[in-house]
Amino acid sequence: MKKILVFAAAMFAAVALSAQEKGDMYISGTFNVSTGNTVEAQGTTTVKTPGVTRFGIAPEFGIFVIDGLEVNVGVGYSLEKEQNNQGAVNVDPTVKPLYDNTNMFGIRAGLNYHVKICDMFYWAPGVKFLLDFGSTKSQVSVSETSKLGSNTDFTFRVSMLKFEFRPGQHFGIAFEAGNLDYTTSTIKEPDPIDNTKEYKTRNNNFNWNLNYGAQIGFKYYF
């Protein structure tokens with residue numbers, strides 16, 4: 001009986017400590033790598049076409065400035081790499097592969113307010129500002145590259161379907177099932193005739209995603 005009471009007291013303490021209180025801090029983020037290829041049989045010849053290689057990392061830090069109110073900041077980097085001369089390589093295997101590379105950098109800042117639904121479970125609606133910028137460069141030869149263009153995206157995001165489960169003092173599981181986004185994108189491309197000039201295009205997009213691209217994330221509190 002005594003062991004049961006001690007265990008129950010320990011569980012109660014863990015629940016109490018897992019509350020979203022002023023001074024609580026966490027680290028989180030995302031990491032992804034993907035690649036692949038396509039293999040085609042043409043008679044007795046087999047042709048392998050490499051797919052797009054993608055890499056991304058985006059760490060995040062958050063702190064509760066008052067009970068329930070979380071402020072978070074993050075940075076990100078992503079790379080997309082795609083071969084641009086596969087046809088020439090297929091004809092002559094001695095030809096060196098050349099690639100188009102897109103490098104993007106990101107800055108994030110947001111607020112979430114945590115409303116306790118029951119022990120260890122919170123509704124955490126919030127807003128976030130996202131800035132992404134970068135460029136695409138194409139290899140003309142092994143030693144020469146050409147800039148294809150650059151783009152800058154600014155997004156204001158409202159997240160209403162966001163929840164968090166805190167099973168312990170140092171661990172949190174976040175679930176997000178829908179966002180309301182407004183994005184302004186600016187694209188700059190060089191003039192194909194006069195490369196000292198460039199074209200500039202601006203696009204404005206409004207997106208509401210409900211239960212599309214739902215995400216689960218993990219947080220470590222300290």
Side-chain angles (χ1 to χ4, degrees), residues 26-61 72-110 128-155 157 159 162 172-179 181 183-190 192 201 203 205 207 209-220:
Y26 73 84
I27 53 174
S28 184
T30 61
F31 176 81
N32 66 82
V33 177
S34 66
T35 188
N37 59 69
T38 302
V39 179
E40 297 179 79
Q42 301 174 355
T44 58
T45 304
T46 300
V47 178
K48 179 186 286 188
T49 303
V52 180
T53 298
R54 295 181 176 89
F55 167 82
I57 185 169
E60 181 179 285
F61 168 78
N72 58 74
V73 293
V75 294
Y77 169 74
S78 66
L79 167 67
E80 187 171 296
K81 184 176 183 178
E82 183 175 13
Q83 191 170 331
N84 63 25
N85 68 333
Q86 184 59 39
V89 173
N90 290 341
V91 174
D92 182 0
T94 63
V95 173
K96 296 288 185 180
L98 303 175
Y99 297 92
D100 291 341
N101 294 294
T102 300
N103 292 277
M104 296 292 293
F105 301 88
I107 301 171
R108 283 93 172 88
K128 181 165 284 191
F129 298 90
L130 305 94
L131 175 65
D132 295 285
F133 54 93
S135 63
T136 300
K137 294 183 178 181
S138 179
Q139 282 187 295
V140 180
S141 66
V142 175
S143 59
E144 183 183 357
T145 61
S146 174
K147 188 175 180 180
L148 297 182
S150 63
N151 64 289
T152 302
D153 300 331
F154 175 79
T155 300
R157 173 173 294 167
S159 302
K162 194 171 185 178
I173 303 173
F175 174 74
E176 194 170 349
N179 295 316
D181 287 357
T183 302
T184 297
S185 300
T186 302
I187 302 170
K188 296 179 181 179
E189 298 175 309
T201 306
N203 299 311
N205 296 294
N207 295 301
N209 299 316
L210 181 62
N211 202 28
Y212 176 80
Q215 299 178 352
I216 294 178
F218 301 95
K219 297 179 176 180
Y220 177 77

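Along the sequence shown, residues carry numbers from 1.
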Under the side chain to side chain donor-acceptor pair (under 3.5 Å) test against Thr183, which residue among Asn203, Asn205, Thr155 passes? Thr155
Output the distance between atom [atom1] ([X]) and atom [atom2] ([Y]), rounded to the nearest 0.5 Å.
{"X": "Tyr220", "Y": "Tyr26", "atom1": "OH", "atom2": "OH", "result": "15.0 Å"}
{"X": "Glu189", "Y": "Ser135", "atom1": "CD", "atom2": "OG", "result": "12.5 Å"}
{"X": "Thr201", "Y": "Lys188", "atom1": "OG1", "atom2": "NZ", "result": "11.5 Å"}
{"X": "Gln83", "Y": "Asn37", "atom1": "CD", "atom2": "CG", "result": "11.0 Å"}

Measure up the Phe31 and Phe55 rings against each other and bin them: parallel (under 30°), tilted (30 to 60°), perpendicular (over 60°). perpendicular
Verify the distance criterion only: is there a donor paired with an acceptor across the side chains of Thr53 and Thr35 at less than 3.5 Å? yes
Heavy-atom distance under 4.5 Å between the side chains of [X] and [Y], does that happen here?
{"X": "Pro190", "Y": "Lys147", "value": "no"}
{"X": "Leu130", "Y": "Asp153", "value": "no"}
{"X": "Asn151", "Y": "Met104", "value": "yes"}
{"X": "Val75", "Y": "Pro59", "value": "yes"}
{"X": "Asn103", "Y": "Lys81", "value": "no"}

So does [Y] get a backbone contact from the side chain of [X], meaning a donor-acceptor N/O pair under 3.5 Å?
{"X": "Gln139", "Y": "Tyr99", "value": "yes"}
{"X": "Ser28", "Y": "Phe218", "value": "yes"}
{"X": "Asn85", "Y": "Leu98", "value": "yes"}

Applying side-chain hydrogen bond (donor to acceptor under 3.5 Å, both in side chains), name anything that partners [X], two or more places apart in sequence or on another chain.
{"X": "Asn207", "value": "none"}
{"X": "Lys128", "value": "Glu60"}
{"X": "Asn101", "value": "none"}

Applying side-chain contact (heavy atoms from CB on, under 4.5 Å), run through Leu131 and Phe105 and close with a yes or a no. CA-CA 8 Å; Leu131 175 65; Phe105 301 88; over 6 Å; no
Which pair of non-hydrogen atoms, one from Ala214 and one from Ala177, has the smallest distance, and what is that distance? CB-CA, 4.3 Å
